[in-house]
Amino acid sequence: DAGVTQSPTHLIKTRGQQVTLRCSPKSGHDTVSWYQQALGQGPQFIFQYYEEEERQRGNFPDRFSGHQFPNYSSELNVNALLLGDSALYLCASSFSLYEQYFGPGTRLTVT
Amino acid sequence: QQQVKQSPQSLIVQKGGIPIINCAYENTAFDYFPWYQQFPGKGPALLIAIRPDVSEKKEGRFTISFNKSAKQFSLHIMDSQPGDSATYFCAAKKGFNTGTASKLTFGTGTRLQVTL
């Protein structure tokens, strides 16, 4: 049984560019949440998707957007990248409201 | 606004010791408290979780103690091993019982080193 998978593993982008990160949830899970983890910090909640709709959003600007597909996989898009967007982006999946299981993350570096 | 405060920031114990990591929360609506373990370059892995209707939960060498009146909870690692060296995060969530959408709010993490 595959766990949560994320792609790509690492990504280097330039300021002002746009990036798309992808997540496939654990089998049987229907809810995907995205978190941003800066170096040495705890993960910060970006948003959560359920039934292809954004159900809850954290304190992140509109430059951060997402999507959930009918197969429950999800994308995180970040526009107009800033240096401060450099972080580990984590996807977590769950069955409805229960335990969240995290993927390995995508390390984004903005130069 | 930090809703979950975690201490200490770092901890060094000898093999076999019992490291204790503490967390305190402010929001009484929180009703689910998990602990995650994270190794460098990896995503957080769920270790153990507790609901506020119990005061203690054990899973293997990991124990959570929960004090609802003090709004505090802690993780104890029995017989710690060098392989336990990692960063540990407490977290809190609300809406477990109400069926509402809910995010995890994390503490700032504790970097644990277990020496030989």
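All chains are named by letter (A, B, ...) in the order of the sequence lines, taking the proteins before the strands, and each is independently numbered beginning at 1.
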Polar side chain donor-acceptor pair, Ser69(B) to Asn67(B), under 3.5 angstrom: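 Side-chain D/A pair, Ser69(B) to Asn67(B): present.
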Contacting moiety of Gln37(A), where chain B heavy atoms sit under 4.5 Å: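 For Gln37(A), the contact with chain B is made by the side chain alone.
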Given that the side chain runs from C-beta out, which part of Tyr50(A) has a heavy atom under 4.5 Å from chain B: side chain, backbone, both or neither?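 For Tyr50(A), no heavy atom lies under 4.5 Å from chain B.
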Identify which one of Arg63(A), Arg15(A), Gln36(A) satisfies the side chain to side chain donor-acceptor pair (under 3.5 Å) criterion when paired with Asp85(A).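 By the side chain to side chain donor-acceptor pair (under 3.5 Å) criterion, Asp85(A) pairs with just one of Arg63(A), Arg15(A), Gln36(A): Arg63(A).
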With a 4.5 angstrom heavy-atom cut-off, is it the side chain or the backbone of Gln38(B) that approaches chain A, or both, or neither?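 Only the side chain of Gln38(B) comes within 4.5 Å of chain A.
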Heavy-atom cut-off 4.5 Å, strictly under: side chain, backbone, both or neither for Leu104(B) against chain A?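 The answer is both parts of Leu104(B).
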Would you call the rings of Phe106(B) and Tyr36(B) parallel, tilted or perpendicular, taking 30° and 60° as the class edges?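 Geometry flag for Tyr36(B) against Phe106(B): tilted rings.
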Tell me whether the rings of Tyr25(B) and Phe73(B) are parallel (<30°), tilted (30 to 60°) or perpendicular (>60°).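 Geometry flag for Phe73(B) against Tyr25(B): tilted rings.
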Who among Pro44(B), Gly41(B), Gly109(B) has the most heavy-atom pairs with chain A under 4.5 Å?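 Maximum pair count with chain A is reached by Pro44(B).
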Inspect the surroundings of CD in Gln37(B) and state if more than 12 heavy atoms from other residues, nucleotides or ligands are less than 6.0 Å away.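 Check passes, neighbour count above 12.
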